[in-house]
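Here, residue 1 is the first one in the sequence, and each next residue gets the next number.
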Amino acid sequence: MKKTLTAVAILGAFAGSAMADVTVYGRLDTGFMYEHYKWTDSGSPFDVTKDTFSMESGTYSPSRFGIKGSEKISDGLTVGFVYETGISSDTGSGFSGGFNREAQLYMKGKYGTLALGRMGTIMSDSGSYGFAAAAMSPIGSGAGNFQGTGLFGNGESRYYNMALYQTPVMGGVQISAQYGTSENENEFESFNDRYSAL
(Lines give C-alpha, C1' and ligand atoms only; values in the text may rest on other atoms or scores of the structure.)
Protein backbone atom coordinates (compact mmCIF):
# COMPACT_ATOMS: atom_id res chain seq x y z
CA MET A 1 0.00 0.00 0.00
CA LYS A 2 2.80 2.44 0.86
CA LYS A 3 4.53 1.77 -2.47
CA THR A 4 1.30 2.46 -4.35
CA LEU A 5 0.75 5.74 -2.52
CA THR A 6 4.34 6.80 -3.23
CA ALA A 7 3.95 6.06 -6.95
CA VAL A 8 0.66 8.00 -7.04
CA ALA A 9 2.31 10.94 -5.25
CA ILE A 10 5.19 11.02 -7.74
CA LEU A 11 2.82 10.87 -10.73
CA GLY A 12 0.69 13.58 -9.11
CA ALA A 13 3.73 15.84 -8.76
CA PHE A 14 4.45 15.54 -12.48
CA ALA A 15 0.80 15.92 -13.42
CA GLY A 16 0.58 19.09 -11.33
CA SER A 17 3.02 20.81 -13.67
CA ALA A 18 1.12 20.65 -16.93
CA MET A 19 3.76 22.58 -18.88
CA ALA A 20 6.68 20.37 -17.86
CA ASP A 21 8.18 18.07 -20.48
CA VAL A 22 9.14 14.80 -18.73
CA THR A 23 10.77 11.83 -20.50
CA VAL A 24 11.44 8.34 -19.17
CA TYR A 25 14.21 6.67 -21.14
CA GLY A 26 16.70 3.84 -21.04
CA ARG A 27 19.07 1.56 -22.89
CA LEU A 28 19.64 -2.19 -22.69
CA ASP A 29 22.89 -3.71 -23.93
CA THR A 30 23.21 -7.46 -23.41
CA GLY A 31 25.55 -9.83 -25.19
CA PHE A 32 27.53 -13.03 -24.95
CA MET A 33 31.23 -12.79 -24.17
CA TYR A 34 33.84 -15.44 -24.97
CA GLU A 35 37.26 -14.77 -23.49
CA HIS A 36 40.44 -16.78 -23.96
CA TYR A 37 43.11 -15.91 -21.40
CA LYS A 38 46.66 -17.25 -21.46
CA TRP A 39 49.44 -16.24 -19.08
CA THR A 40 52.93 -17.69 -19.29
CA ASP A 41 56.06 -17.10 -17.26
CA SER A 42 59.29 -18.45 -18.75
CA GLY A 43 60.69 -19.39 -15.35
CA SER A 44 57.52 -20.79 -13.80
CA PRO A 45 55.69 -24.11 -14.19
CA PHE A 46 52.41 -22.37 -13.31
CA ASP A 47 51.22 -21.27 -16.73
CA VAL A 48 47.54 -20.39 -16.78
CA THR A 49 45.07 -20.88 -19.61
CA LYS A 50 41.42 -20.07 -19.05
CA ASP A 51 38.38 -19.93 -21.31
CA THR A 52 35.14 -18.31 -20.19
CA PHE A 53 31.76 -17.86 -21.82
CA SER A 54 29.22 -15.60 -20.15
CA MET A 55 26.30 -13.26 -20.67
CA GLU A 56 27.28 -9.67 -19.92
CA SER A 57 25.47 -6.36 -19.56
CA GLY A 58 26.90 -3.26 -21.19
CA THR A 59 29.53 -4.84 -23.42
CA TYR A 60 29.55 -1.78 -25.68
CA SER A 61 27.42 0.83 -23.96
CA PRO A 62 26.27 0.60 -20.32
CA SER A 63 22.63 -0.27 -19.71
CA ARG A 64 20.73 2.49 -17.94
CA PHE A 65 17.37 3.86 -16.82
CA GLY A 66 16.64 7.55 -16.51
CA ILE A 67 14.09 10.28 -16.16
CA LYS A 68 14.56 13.84 -17.35
CA GLY A 69 12.38 16.87 -17.59
CA SER A 70 12.36 20.55 -18.38
CA GLU A 71 9.99 23.46 -18.12
CA LYS A 72 10.08 26.84 -19.81
CA ILE A 73 9.71 29.39 -17.03
CA SER A 74 9.73 32.46 -19.27
CA ASP A 75 10.97 33.53 -22.67
CA GLY A 76 14.62 32.56 -22.77
CA LEU A 77 14.69 30.68 -19.43
CA THR A 78 14.30 26.92 -19.00
CA VAL A 79 14.88 24.82 -15.88
CA GLY A 80 15.28 21.06 -15.87
CA PHE A 81 16.72 17.94 -14.33
CA VAL A 82 18.34 14.64 -15.34
CA TYR A 83 18.39 11.56 -13.09
CA GLU A 84 20.00 8.43 -14.54
CA THR A 85 21.11 5.16 -12.98
CA GLY A 86 22.99 2.17 -14.31
CA ILE A 87 21.27 -1.21 -14.47
CA SER A 88 22.42 -4.73 -15.19
CA SER A 89 20.36 -6.04 -18.09
CA ASP A 90 21.44 -9.67 -17.66
CA THR A 91 20.29 -9.91 -14.01
CA GLY A 92 17.76 -7.07 -13.74
CA SER A 93 19.53 -5.56 -10.75
CA GLY A 94 20.36 -1.90 -10.36
CA PHE A 95 23.79 -0.61 -9.50
CA SER A 96 24.37 0.64 -5.98
CA GLY A 97 24.58 4.34 -5.27
CA GLY A 98 21.16 5.55 -6.41
CA PHE A 99 21.26 7.66 -9.57
CA ASN A 100 24.95 6.95 -10.04
CA ARG A 101 25.31 8.03 -13.67
CA GLU A 102 23.80 11.51 -13.48
CA ALA A 103 21.78 13.53 -10.99
CA GLN A 104 21.75 17.20 -11.94
CA LEU A 105 19.55 20.27 -11.99
CA TYR A 106 20.11 22.96 -14.59
CA MET A 107 19.00 26.39 -15.69
CA LYS A 108 19.40 27.41 -19.32
CA GLY A 109 18.91 30.88 -20.74
CA LYS A 110 20.27 33.42 -23.18
CA TYR A 111 23.44 33.80 -21.07
CA GLY A 112 24.23 30.07 -21.08
CA THR A 113 23.66 27.01 -18.92
CA LEU A 114 24.32 26.53 -15.22
CA ALA A 115 24.14 22.94 -13.91
CA LEU A 116 24.70 21.51 -10.42
CA GLY A 117 24.97 17.93 -9.13
CA ARG A 118 26.55 14.67 -10.27
CA MET A 119 27.49 14.76 -13.93
CA GLY A 120 30.00 13.66 -16.52
CA THR A 121 33.17 15.67 -16.91
CA ILE A 122 33.69 17.68 -20.09
CA MET A 123 36.85 15.60 -20.66
CA SER A 124 34.76 12.42 -20.91
CA ASP A 125 31.95 11.47 -23.26
CA SER A 126 29.57 10.79 -20.36
CA GLY A 127 26.27 12.39 -19.56
CA SER A 128 24.83 15.67 -20.75
CA TYR A 129 28.05 17.68 -21.06
CA GLY A 130 30.96 15.28 -21.74
CA PHE A 131 32.34 15.60 -25.25
CA ALA A 132 36.15 15.53 -25.35
CA ALA A 133 36.72 11.76 -25.16
CA ALA A 134 34.43 11.13 -28.11
CA ALA A 135 36.34 13.73 -30.12
CA MET A 136 39.75 12.24 -29.24
CA SER A 137 38.91 8.56 -29.76
CA PRO A 138 37.33 6.86 -32.78
CA ILE A 139 35.17 4.72 -30.46
CA GLY A 140 34.75 7.06 -27.49
CA SER A 141 35.25 5.61 -24.05
CA GLY A 142 32.68 2.84 -24.41
CA ALA A 143 33.38 -0.77 -25.35
CA GLY A 144 35.07 -1.37 -22.01
CA ASN A 145 35.12 -5.14 -22.44
CA PHE A 146 36.87 -4.86 -25.82
CA GLN A 147 39.52 -2.26 -24.99
CA GLY A 148 42.13 -4.62 -23.64
CA THR A 149 44.94 -2.16 -23.00
CA GLY A 150 42.63 0.64 -21.90
CA LEU A 151 43.92 2.77 -24.76
CA PHE A 152 40.57 4.45 -25.23
CA GLY A 153 39.72 4.88 -21.55
CA ASN A 154 39.32 8.35 -20.12
CA GLY A 155 39.83 7.86 -16.38
CA GLU A 156 37.21 9.10 -13.98
CA SER A 157 34.31 10.32 -16.07
CA ARG A 158 31.75 11.41 -13.44
CA TYR A 159 31.94 13.36 -10.19
CA TYR A 160 29.61 14.38 -7.39
CA ASN A 161 29.23 17.98 -6.21
CA MET A 162 29.95 19.50 -9.62
CA ALA A 163 29.09 22.92 -10.97
CA LEU A 164 29.14 23.61 -14.70
CA TYR A 165 28.76 26.80 -16.70
CA GLN A 166 28.48 26.62 -20.48
CA THR A 167 28.25 29.71 -22.64
CA PRO A 168 25.85 29.97 -25.56
CA VAL A 169 27.33 29.20 -28.96
CA MET A 170 28.87 32.44 -30.24
CA GLY A 171 30.36 32.51 -33.71
CA GLY A 172 30.63 28.73 -33.70
CA VAL A 173 32.50 28.71 -30.35
CA GLN A 174 31.23 27.47 -26.99
CA ILE A 175 33.16 27.55 -23.70
CA SER A 176 32.53 25.03 -20.91
CA ALA A 177 33.89 25.32 -17.37
CA GLN A 178 33.49 22.81 -14.50
CA TYR A 179 34.43 22.82 -10.86
CA GLY A 180 33.86 20.09 -8.29
CA THR A 181 34.27 20.05 -4.55
CA SER A 182 35.34 16.89 -2.79
CA GLU A 183 33.57 13.52 -2.81
CA ASN A 184 33.40 13.28 0.99
CA GLU A 185 31.45 14.99 3.77
CA ASN A 186 34.24 17.53 4.40
CA GLU A 187 33.91 18.90 0.89
CA PHE A 188 34.98 22.45 1.73
CA GLU A 189 38.17 21.57 3.61
CA SER A 190 41.26 23.11 1.99
CA PHE A 191 43.20 19.82 1.83
CA ASN A 192 40.68 18.05 -0.42
CA ASP A 193 41.40 17.43 -4.07
CA ARG A 194 39.00 19.15 -6.42
CA TYR A 195 38.16 18.67 -10.07
CA SER A 196 38.32 21.59 -12.49
CA ALA A 197 38.25 21.80 -16.26
CA LEU A 198 37.92 24.46 -18.94
Side-chain angles (χ1 to χ4, degrees), residues 1-31 55-134 140-144 154 156-166 168 174 176-181 183 187 195 197:
M1 182 66 178
K2 289 182 180 178
K3 291 181 180 178
T4 303
L5 289 176
T6 302
V8 170
I10 291 172
L11 290 174
F14 288 127
S17 181
M19 300 300 289
D21 177 23
V22 177
T23 303
V24 176
Y25 65 95
R27 175 180 293 171
L28 294 177
D29 182 329
T30 306
M55 179 182 285
E56 301 289 340
S57 174
T59 54
Y60 179 72
S61 181
S63 299
R64 81 255 344 229
F65 169 81
I67 181 169
K68 60 185 176 180
S70 64
E71 184 168 356
K72 187 175 181 181
I73 301 299
S74 64
D75 285 340
L77 180 62
T78 300
V79 296
F81 67 91
V82 180
Y83 283 88
E84 182 177 293
T85 186
I87 58 174
S88 183
S89 61
D90 54 336
T91 65
S93 63
F95 296 149
S96 63
F99 288 96
N100 56 5
R101 291 179 58 84
E102 191 162 352
Q104 56 115 346
L105 302 172
Y106 67 87
M107 182 172 59
K108 185 174 185 178
K110 62 181 180 179
Y111 298 110
T113 300
L114 174 66
L116 305 169
R118 177 170 173 80
M119 64 188 78
T121 67
I122 58 178
M123 292 303 296
S124 70
D125 63 355
S126 302
S128 301
Y129 308 106
F131 64 88
S141 61
N154 60 303
E156 286 294 323
S157 60
R158 295 177 176 86
Y159 286 95
Y160 294 102
N161 305 318
M162 292 282 282
L164 170 130
Y165 173 69
Q166 197 169 57
Q174 185 175 47
S176 299
Q178 275 183 321
Y179 180 78
T181 60
E183 297 287 301
E187 59 188 75
Y195 176 86

Enquirer: Which distance, rounded to the nearest 0.5 Å, do you find between the OH of Tyr83 and the NZ of Lys68?
Expert: 15.0 Å
Enquirer: Check Tyr106 against Phe81 and note the closest heavy-atom contact, atom names and distance.
Expert: CE2-N, 3.5 Å
Enquirer: Tell me if the OH atom of Tyr111 is crowded by more than 12 foreign heavy atoms within 6.0 Å.
Expert: no
Enquirer: Drop me the distance from Ser89's OG to Met55's CE, to the nearest 0.5 angstrom.
Expert: 8.5 Å
Enquirer: Distance from Arg158 atom CZ to Gln104 atom CD, nearest 0.5 Å?
Expert: 12.0 Å
Enquirer: CE of Met119 to CD of Glu102: how many Å apart, nearest 0.5 Å?
Expert: 7.0 Å
Enquirer: Is a side-chain N or O of Arg118 found less than 3.5 angstrom from the main chain of Asn100, in a donor-acceptor match?
Expert: yes
Enquirer: Are the side chain of Ser176 and the backbone of Gln166 linked by a donor-acceptor contact shorter than 3.5 Å?
Expert: no
Enquirer: If you compare all heavy atoms of Val82 against all heavy atoms of Ser128, which two are closest, and at what distance to 0.1 Å?
Expert: CG2-OG, 4.1 Å
Enquirer: Do Ser70 and Thr78 get their side chains close enough for a donor-acceptor pair, meaning under 3.5 Å?
Expert: no
Enquirer: Evaluate the criterion side chain to side chain contact (heavy atoms under 4.5 Å, CB included) for residue pair Phe65 and Leu28; output intermediate values, then yes/no.
Expert: CA-CA 9 Å; Phe65 169 81; Leu28 294 177; over 6 Å; no
Enquirer: Taking the side chain from Arg101 and the backbone from Gly86, do they hold a donor-acceptor pair closer than 3.5 Å?
Expert: no
Enquirer: Between Leu164 and Gln178, what is the shortest heavy-atom contact and its length?
Expert: CD1-CG, 3.5 Å
Enquirer: For residues Ile67 and Val22, determine if any side-chain heavy atom of one lies less than 4.5 Å from a side-chain heavy atom of the other.
Expert: yes
Enquirer: Hey, what do you get for CD (Glu84) to OH (Tyr25), rounding to the nearest 0.5 Å?
Expert: 3.5 Å
Enquirer: If you round to the nearest 0.5 Å, how far is OH of Tyr195 from CG of Asn161?
Expert: 14.5 Å
